[in-house]
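Here the structure is laid out as structure tokens; the discussion comes afterwards.
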There are 2 protein chains.
Amino acid sequence: MATIGDVAREAGVSRSTASYALSGKRPISEEVRRRVLAAAEALAYTPNAGARALATSRTKVLGLLARFYTDEFAPAMMQYIQGVTDTARDLGYDTLLVTDEDGARALRRITDSRMVDGVVLMNIAQDDPRLPILRAASQPGATVGLPGDCSGIDVFDLDFEEAGRAMVDHLHRLGHRELILISQPEHVVERGGAYVWRLRDAALERARQCGVTLHAVYGESRQPAVGRLLHTLLDTYPSATGLLVNNEAAAAALPSVAHERGLRVPEDLSVIGRYSAEFAAAFSLPYSFVESAPDRLGSMAVRQLVRRVESAAARREPFVVRFISPELVSRGSTTPPRATRPRTPAR
Amino acid sequence: MATIGDVAREAGVSRSTASYALSGKRPISEEVRRRVLAAAEALAYTPNAGARALATSRTKVLGLLARFYTDEFAPAMMQYIQGVTDTARDLGYDTLLVTDEDGARALRRITDSRMVDGVVLMNIAQDDPRLPILRAASQPGATVGLPGDCSGIDVFDLDFEEAGRAMVDHLHRLGHRELILISQPEHVVERGGAYVWRLRDAALERARQCGVTLHAVYGESRQPAVGRLLHTLLDTYPSATGLLVNNEAAAAALPSVAHERGLRVPEDLSVIGRYSAEFAAAFSLPYSFVESAPDRLGSMAVRQLVRRVESAAARREPFVVRFISPELVSRGSTTPPRATRPRTPAR
DNA sequence: CTGAAAGCGCTTACAG
DNA sequence: CTGAAAGCGCTTACAG
């Protein structure tokens, strides 16, 4: 591969001039610039990334720490990753994907060795062992997901509490008085997935406030267990008129379960899910849902990270905890409950 | 961060001695080695990756070029990626994940700048524009997926032709004489996904040879279209007794379709799928299937790649095209067809 | 506007 | 067994 020395020789200038002509960091005569660019083009010159990193202390690489848990829904994970890699690329960064089981150790490795300019953490746990390491690192870090302690990092997440309240409010306003909430499996919570109980607790609290009975249960993450659970729930609470689904697998299983029971949505049961539009499309889910916006969250985390990487001023700004407001996307799967529904059908 | 100079000073030796003590590349007195290791430990020394790459021309990073197409099933993609990242890590490599739309350009960028020691290409097309660039690169490359021209690279794939034949043979031996094969959507083929017609053509050929009627159709990749298509197919070919499914979305949709039609598997219809065990588990698919082994393929590609990276001798070996033999995992979803089924049920 | 030189942090022949 | 030095390929203050 051609080096900057080759380019300089070809253009008949010094290496520093070649470098400046290429970077534009100081004025270069039009004639010389032309010769350097032509030489670089002719030799197909590409700077050596290691050498540049050594000289500038910048790698133009971001670390992405993610785990692919088999009990979390893969398509959602892919969207977060896509959001991160796409935005990083737009901003001129490549992405080092790290899926090590020991995330703390891996994080230390990539930051201490200066392989990356910044780090995005996914699959955040309430008490995440990677956070102390990230705080001690010299590179900035951002998380997708809300940890217990947000100090020293930028945090991005869906406002799950607001999502829980919005779901309850929506059905309460329509006249529902008894609802079921099916959450992620309990072991997701045990692993530290705070988003599960954030939505759940807020929904329970809001339900209490407005006199709605809310049966909140943890779900399963796989077929057929999750389908069986849905049947059981609908059997157990026959007077419940609305179903809130904070569990992708349950949402995906619901159409067949409804079909098997001859249950019409929304006539017999109002349904609101919480997942991404992409997920809804993949499974053609016919339910209104709170958009979880994985691509947007990944993108936001990267943008903030890159700001801190590239600007000393930005690096001194206070850390942020930014929530995306839940957006309820209507698919017509909610309606007033049977009991209070007007004689004339709503149009 | 501490440098090797800091470690050397702390240990009271030269930088070269510190380096050798750490790498073990030449004999060091026990006493000195101890001091150096202690100093490195005390200073939490981690070599600077850029400096090391510059000095050794090795980055210990592999490139992984993958696309997340919305019409390909995300969970399968995740397994390939996991296979690659896990194996890379086991062998001491990190993974640069590149999802650029313009894969050829991205590939040139990461190879020319020497960010990676080798590259794994996924989502291989019959005439893949990345391959000429990979062949011209100085780093070795491997693909998961069979391109039209395999020269200059190592290729790993499931033997889709053998899979097609195995599916037909299996049902033919049981006495079936009319089968349906539902493949991936046609636009996957148009994008260059040769594996679709490799399985299809081989199945058709084998069917012809053994006098089996095979209705081969391209499928859909999304609900509810794929479900509707399954209904249509079963309506159109009422005398078909077996269904071959080379389409993940169709496989996932089949249980509800069968339920809706009151169709029993295998009593009324024998079924064989082609997907991974992990996929089968996620959707609890009750069908016998040809294991597509995504994690194993990703792992094999990385192993071969690393061999070539680390050994000049291995780098001179002839390039390989390695097929995984399809393994038919029985889940009891096939049986002799109604017409010819013996009175006494098979045990 | 341009060049010669130092320096980033490693590794590894070369000398002893 | 150990050290002084060169070199990997960049960038960027320093000088002119």
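In the text below, chain A, chain B and the rest are named by the order of the sequence lines, each starting its count at 1. Treat the numbers as computed from the prediction; the structure is a model and nothing was measured.
- Salt-bridge check for R9(B) with D6(B): passed, with a basic side-chain N closer than 4.0 Å to an acidic carboxylate O.
- In plain terms, the two heavy atoms of V36(B) and V7(B) that are nearest each other are O-CG1, 3.9 Å.
- Residues satisfying the salt bridge (Lys or Arg N to Asp or Glu O under 4.0 Å) criterion with R109(B), sequence neighbours excluded, are D94(A), D100(B).
- Taking for each of K25(A) and S57(B) the nucleotide of DNA chain D with the nearest heavy atom, the 5'-most of the two is the partner of S57(B).
- For the pair R9(B) CZ and dG3(D) P, the interatomic distance rounds to 14 Å; values are reported in whole Å.
- When the side-chain nitrogen and oxygen atoms of S19(A) are compared with OP1 and OP2 of dT11(D), one or more of them lie within a distance under 4.0 Å.
- R52(B) has no side-chain polar atom (N or O) that falls below the 4.0 Å cut-off from OP1 or OP2 of dG9(C).
- Checking the phosphate oxygens (OP1, OP2) of dG3(D), a side-chain nitrogen or oxygen of T17(B) falls inside 4.0 Å.
- Taking 4.0 angstrom as the limit, Y20(A) places none of its side-chain polar atoms (N or O) nearer than this to OP1 or OP2 of dA13(D).
- Side-chain proximity of V32(B) to dT11(C), dT2(D), dG9(C): nearest is dT2(D).
- Classification of R135(A) and D149(A) as a salt-bridged pair holds, one side-chain N sitting under 4.0 Å from a carboxylate O.
- Taking atom CG on L54(B) and atom C1' on dA6(D), their separation rounds to 13 Å, with Å as the unit.
- R26(A) places its CZ atom 11 Å from the C1' atom of dG16(D), with the value rounded to the nearest Å.
- For A55(A), the listed nucleotide lying nearest its side chain is dT11(D); candidates were dG3(C), dC10(C), dT11(D).
- Taking only side-chain nitrogens and oxygens, S14(B) comes nearer than 4.0 Å to OP1 or OP2 of dG3(D).
- The distance from atom CD of E30(A) to atom P of dT2(C) is 10 Å, rounded to the nearest whole Å.
- An OP1 or OP2 oxygen of dT11(C) is reached within less than 4.0 angstrom by no side-chain nitrogen or oxygen of R15(B).
- Whole-Å rounding puts the Y45(B) OH to dG9(C) C1' distance at 7 Å.
- A straight line from CG of D112(A) to P of dG9(C) spans 14 Å, rounded to a whole angstrom.
- Base pairing in DNA chain C gives the following stems of 3 or more Watson-Crick or G-U pairs, range against range and under 3.5 Å: C:1-3 with D:14-16, C:5-12 with D:5-12, C:14-16 with D:1-3.
- Residue order along DNA chain C, read from the 5' end via each residue's closest nucleotide, puts A18(A) first among A51(B) and A18(A).
- Contact detail for G145(B) and I124(B): the closest heavy-atom pair is O-CG1, 3.8 Å.
- Atom-to-atom distance recorded for I81(B):CD1 and F68(A):CZ is 5.5 Å, nearest 0.5 angstrom.
- Between D295(B) and E278(B), the closest side-chain pair of non-hydrogen atoms is not below 4.5 Å.
- Heavy atoms of S29(A) sit under 4.0 angstrom from primed sugar atoms or phosphate atoms, though from no base atom.
- With hydrogens and angles ignored, the 3.5 Å screen pairs a side-chain donor or acceptor of Q139(A) with a backbone N or O of V116(A).
- If you measure from atom CZ of R33(A) to atom P of dC1(C), you get 10 Å, rounded to the nearest angstrom.
- Between I4(A) and P27(B), the residue anchored closer to the 5' end of DNA chain D is P27(B), taking for each the nucleotide with the nearest heavy atom.
- Between N48(A) atom CG and dT11(D) atom C1' there is a gap of 13 Å when expressed in whole angstrom units.
- Residue S16(B) is in base contact, counting any heavy-atom pair closer than 4.0 Å across all strands shown.
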